[in-house]
Amino acid sequence: MKMFVYSVYDAVASVYSHPFYSVNAGVATRDFTTAVLDPSSKLHANPADFRLCCLGEFDDSTGALIPYDQVSVIVSGDAVINFRSISKE
């Protein structure tokens, strides 16, 4: 099964978190959103500092890890907060 490789980029520290795997961008976005909205998460305290990024693909049947030439930003923490604020109105 092909999985996608994601990481959260911290713009202040200029580093990516340890990568994680997800079946698609929707599921990864849901997990990132949960973290941003969780008051006990560091992403919640400064959401504008963080971005969910897709780094590549992983095929669990072959073990192949295929990095993308360019990192793709899926969503930023502040976009999650802004969307949440708009949807509550």
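The figures here come from the full heavy-atom set of this structure, side chains too, leaving out hydrogens, waters and symmetry mates.
- Between P47 and A45, the closest heavy-atom pair is CD-C, 3.6 Å.
- When hydrophobic residues (I, L, V, M, F, W, Y) are linked wherever their side-chain heavy atoms come within less than 4.5 Å, V15 remains an isolated member.
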Extract all donor-acceptor atom pairs below 3.5 Å that involve side chains of residues 30-38 and protein atoms in other chains or at least two apart in sequence.
| unit_1 | atom_1 | unit_2 | atom_2 | d |
| --- | --- | --- | --- | --- |
| T33 | OG1 | T29 | O | 2.8 |
| T34 | OG1 | R30 | O | 3.0 |
| D38 | OD1 | S40 | N | 2.9 |
| D38 | OD1 | S40 | OG | 2.9 |
| D38 | OD2 | S40 | OG | 3.2 |

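- Looking at D49, its side chain never comes within 3.5 Å of a backbone N or O of A11 through a donor-acceptor pair.
- Legend: residues meeting ring pair (Phe, Tyr, Trp, His ring centres under 6.0 Å) with F50, ordered by chain and number and at least two apart, are absent.
- No continuous path of hydrophobic side-chain contacts links L43 to V27 [ILVMFWY only; heavy atoms under 4.5 Å].
- Linking Ile, Leu, Val, Met, Phe, Trp and Tyr residues whenever their side-chain heavy atoms come within less than 4.5 Å places V23 and F58 in a single cluster.
- Listed by first then second residue, pairs satisfying side-chain hydrogen bond (donor to acceptor under 3.5 Å, both in side chains) with a partner in residues 9-20 read S7-S17, not counting sequence neighbours.
- The backbone N or O of G56 lies less than 3.5 Å from no partner atom in the side chain of Y6, so there is not a single donor-acceptor pair.
- Residues that satisfy the side chain to side chain donor-acceptor pair (under 3.5 Å) test with Y21, not counting sequence neighbours, are absent from this structure.
- Connection of L55 to V8 is not established within any shared hydrophobic cluster, with ILVMFWY side chains joined at heavy-atom distances below 4.5 Å, either directly or through further cluster members.
- The two atoms that bring S22 and A28 nearest to each other are OG-N, 3.4 Å, heavy atoms only.
- Under the rule for a side chain to side chain donor-acceptor pair (under 3.5 Å), the partners of D59 that lie at least two apart in sequence or sit in another chain are S61.
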Only pairs under 3.5 Å count here: list side-chain donor-acceptor contacts from residues 63-76, not counting sequence neighbours, and write none if there are none.
| unit_1 | atom_1 | unit_2 | atom_2 | d |
| --- | --- | --- | --- | --- |
| Y68 | OH | E57 | OE2 | 2.8 |
| S76 | OG | D78 | OD1 | 2.5 |
| S76 | OG | A79 | N | 3.3 |

